[in-house]
Protein chains: 2
Amino acid sequence: MSLSTPSPAARKPRGEYAKSAEKRAAIVDAAFEEFAESGYRGGSLRGVAQRVGMSEAGLLHHFRSKSALLEAVLEHRDEKARERVPLDSPDGAEVLKGLVDLAAYNASIAGVVDLYTTLSAEATSADHPAHAYFVRHYAFTREKVERAFAKLDADGRLRHGFDPRQAAITVIALMDGLQVQWLYTRDVVDMADALRRVFSVFVDIDWEPVPPTE
Amino acid sequence: MSLSTPSPAARKPRGEYAKSAEKRAAIVDAAFEEFAESGYRGGSLRGVAQRVGMSEAGLLHHFRSKSALLEAVLEHRDEKARERVPLDSPDGAEVLKGLVDLAAYNASIAGVVDLYTTLSAEATSADHPAHAYFVRHYAFTREKVERAFAKLDADGRLRHGFDPRQAAITVIALMDGLQVQWLYTRDVVDMADALRRVFSVFVDIDWEPVPPTE
DNA sequence: GTCTATATGGCGATAGAC
DNA sequence: GTCTATCGCCATATAGAC
């Protein structure tokens, strides 16, 4: 999974110029790759600097510390993911379809999956700089998916005896677990397909003409 | 998830004494904790040495390198897990019950879950010392669970239209994802319960008097 | 079998020139 | 805004005394 609460205010100090913003974006991209490959703990500012073609000091002019850089990466990641899933759609089925869509999209960008799985696992430690982020992320996502199931339930489309909250927990766990397994064996695991199958059991949904996942 | 292929031979050089074996076991325990908390990359030999009350050099007398120590930890972990799940039972339902049992047990030993999730995520990098281990682990576990579902299918107890292989992938993903989510919010997630619910949808099983998971 | 001491190198972050 | 230089710390691993 990969969505989170809208950033309260992606504020930008007044005196910034366009060139600087571009540089910052390039640095965030490089940091994204670095942390995706080696995690936050395993990644280094040196590695980021090399990717972006700058010195470490130059890099630290734009981001005051390694963890500040991680924060920027996570924010950037959320912006992208939020574009893909209509989490607040009044139609619960649209939300689920958005999740399948996201899974299919993720399969085309392994780096995103890598970043998410590595960070979510290492940030279970309470002192990790991304810990609070993921606690928020899970609460937020669980809430949204639960709401989607609740709406389907109200429409009589949730399988009898199913609890929206439990269904949400299960779906999020499934998405997370599929990502790890997929990273090891991409030929065997089809994330979107697996998700679609489970949704078909949980609820009554008409799937599109069937985009054959891949 | 947390099972893997039986170690080919946990061989032990001939000239070892009991005292030494005890020390080694103590070191493995300490390393287990260290890697569970900080991952392999984030953990240090210094940390392990402090936990076990030795110098780093003393520790390296027993394990020639950091990655050799990791190997010992993973082997030790597998031995424990294999005791819990009758992966080769002729009755597929017994396998699934074993998985629920394992989930409930894991919930009582957070360290095990921590170690597994952290390592499985960071070892997706091909150059990680545990990479081969997890590739093997997933292939092995997928195979065993698939076989369990296939047996249930042969007995007409698998839900119509379900594929044993897909079911196996889904179940393993679910177990993995539940562990991460549980580490963040233990009050919200009940791993064994979630697993039991999904199994009840997939197959026709009589659950025990219901160990209320707690 | 365990220690101290040390070699060697990567790390995050800062100071200050340009 | 970017650089070089450097500080101080922690890492893995080895050498050799006890």
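The chains referred to below are lettered A, B, ... by the order of the sequence lines, with proteins before strands, and numbering in each begins at 1. Just so it is clear, the values below take in all heavy atoms, side chains as well, and ignore hydrogens, waters and symmetry mates.
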B/Leu45, nearest nucleotide to its side chain (from C/dG12, D/dT12, D/dC3): D/dT12
Presence of B/His62 side-chain N/O under 4.0 Å of C/dT2 phosphate oxygens OP1/OP2: yes
Test: A/Lys144 and A/Asp88 ion pair at under 4.0 Å: yes
Whole-Å gap separating C1' (C/dC11) and OH (A/Tyr40): 12 Å
Among D/dC3, C/dC3, C/dT2, the one nearest B/His61 by side-chain distance: C/dT2
Which atom of A/Leu195 lies closest to which atom of A/Ala103, heavy atoms considered: CD2-CB, 4.1 Å
Aromatic plane relationship, B/Trp207 with B/Phe199 - under 30° parallel, 30 to 60° tilted, over 60° perpendicular: parallel
Any A/Ser44 side-chain nitrogen or oxygen under 4.0 Å from OP1 or OP2 of C/dC11: yes
Rounded interatomic separation in angstrom, taking CZ from A/Arg24 and C1' from D/dT2: 16 Å
Rounded interatomic separation in angstrom, taking CG from B/Leu59 and C1' from D/dA11: 14 Å
Protein-nucleotide distance (A/Leu70, atom CG; C/dG12, atom P), rounded to Å: 12 Å
C/dC3 OP1/OP2 closer than 4.0 Å to side-chain N/O of B/Ser55: yes
Whole-Å distance separating the CZ atom of B/Phe63 from the P atom of D/dA13: 14 Å
Nearest non-hydrogen partners of A/Val28 and A/Ala72, listed with the distance: CG2-CB, 4.0 Å
Atom pair distance, as rounded to whole Å: CD in B/Glu22 and P in C/dT2: 11 Å
Nucleotide nearest A/Lys23 when distance is taken to its side chain, options D/dT4, D/dT2, D/dA13: D/dT2
Whole angstrom value for the distance that separates C1' of C/dA5 from CD of B/Glu56: 12 Å
SB check A/Asp193 A/Arg197 (cutoff 4.0 Å): yes
Side chain of B/Ser20 - closest among C/dA5, C/dT14, C/dG1: C/dG1
Nearest listed nucleotide, side chain of A/Ala57, among C/dT2, D/dT4, D/dT12: D/dT4
Between D/dC3 (P) and A/Met54 (CE): distance, integer Å: 5 Å
